[in-house]
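Below is one structure, written out as structure tokens, with a few remarks after it.
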Amino acid sequence: ELFEFYDALAEDQGVRLQLQGSGTVDGERLMIRRAISNLLSNAINHTPRGGCVDVRIEQAEGGGVRLAVKNPGEGIAAEHLPRLFDRFYRVDPSRQRSTDGAGLGLAITKSIVAAHNATVHAFSGDGLTRFEIVFPAPAETELPAPTFTLYSAAVRRFLVLLLLSVLPIQISWAAAV
């Protein structure tokens, strides 16, 4: 549904969205959606009319998931890449007073990604910009092995009687004749 929302936004701006792949990650759904939303919004806003934003989801090393958002357009100079995720940082200072946002989107994305033990990186060159989030492998949900403790017969009888006293059932004892 997130992709469908941004597909409509992209269409309004004359940009196509293309999605390939799928994956599953552990985490807070709304927060992860927020991080991906920031990347999609930026990619759409910086793609020239007629361009295509390419979103790929694939298996990463170690069983994790890699999500890449790539768009054509004016590249980002190498000296700006290390600071892109800093709060309020903008590549183009002339945008400081525009309505393009507060310069917090990528900083928020980085914080969300870090909270999920994932990483985010930006790459730019040859007229293409790519942001990648790599999520760790989903946690194994193995239940702990059951443990058994041997008790004496007297302790077992006490535990059974204790259990029966709290259960909403009625037990009647019959004496052997």
Worksheet item: Which atom names give the shortest non-hydrogen contact between A60 and V134, and what distance separates them?
Response: CB-CG1, 3.9 Å
Worksheet item: Would you call V69 and L67 a side-chain contact if the rule is heavy atoms closer than 4.5 Å?
Response: yes
Worksheet entry | Heavy-atom side-chain contact between I133 and T119 under 4.5 Å | no
Worksheet item: Are any of the side-chain heavy atoms of V25 and P138 separated by less than 4.5 Å?
Response: no
Worksheet item: If you draw a 6.0 Å radius around CD in Q18, do more than 12 non-hydrogen atoms from other residues or ligands fall strictly inside?
Response: yes
Worksheet item: Would you call F131 and L106 a side-chain contact if the rule is heavy atoms closer than 4.5 Å?
Response: yes
Discussion item. Using a 3.5 Å distance criterion without hydrogens, assess whether the side chain of T47 forms a donor-acceptor pair with backbone atoms of A43.
Written reply: yes
Worksheet item: Would you say E132 and R66 make side-chain contact, with heavy atoms under 4.5 Å?
Response: yes
Practice prompt. Look at atom CG of D126 and say whether more than 12 heavy atoms of other residues, nucleotides or ligands are closer to it than 6.0 Å.
Written response: no
Worksheet item: Heavy-atom count around Q20 CD within 6.0 Å, excluding the residue itself: above 12?
Response: yes
Fill in: Cluster link L128 to V15, ILVMFWY, side chain under 4.5 Å
no
Worksheet item: What do the steps show when you test I36 against V55 for side chain to side chain contact (heavy atoms under 4.5 Å, CB included), and what is the final call?
Response: CA-CA 10 Å; I36 295 169; V55 179; over 6 Å; no
Item to complete: In sequence, state the C-alpha distance, the side-chain angles, and the governing distance for N71 and T129, and then conclude on side-chain hydrogen bond (donor to acceptor under 3.5 Å, both in side chains).
Response: CA-CA 5 Å; N71 67 286; T129 298; 4.9 Å; no
Worksheet entry | Q13, CD atom: more than 12 neighbouring heavy atoms under 6.0 Å | yes
Item to complete: Only counting residues at least two apart or in another chain, list the ones meeting side-chain hydrogen bond (donor to acceptor under 3.5 Å, both in side chains) with D7.
Response: none
Worksheet item: What do you reckon, is CZ of R16 surrounded by more than 12 foreign heavy atoms closer than 6.0 Å?
Response: no
Worksheet entry | Co-membership, hydrophobic cluster, residues L39 and F123, 4.5 Å side-chain | no
Worksheet item: In this structure, which one of I32, N117, T24 forms a side-chain contact (heavy atoms from CB on, under 4.5 Å) with F135?
Response: I32
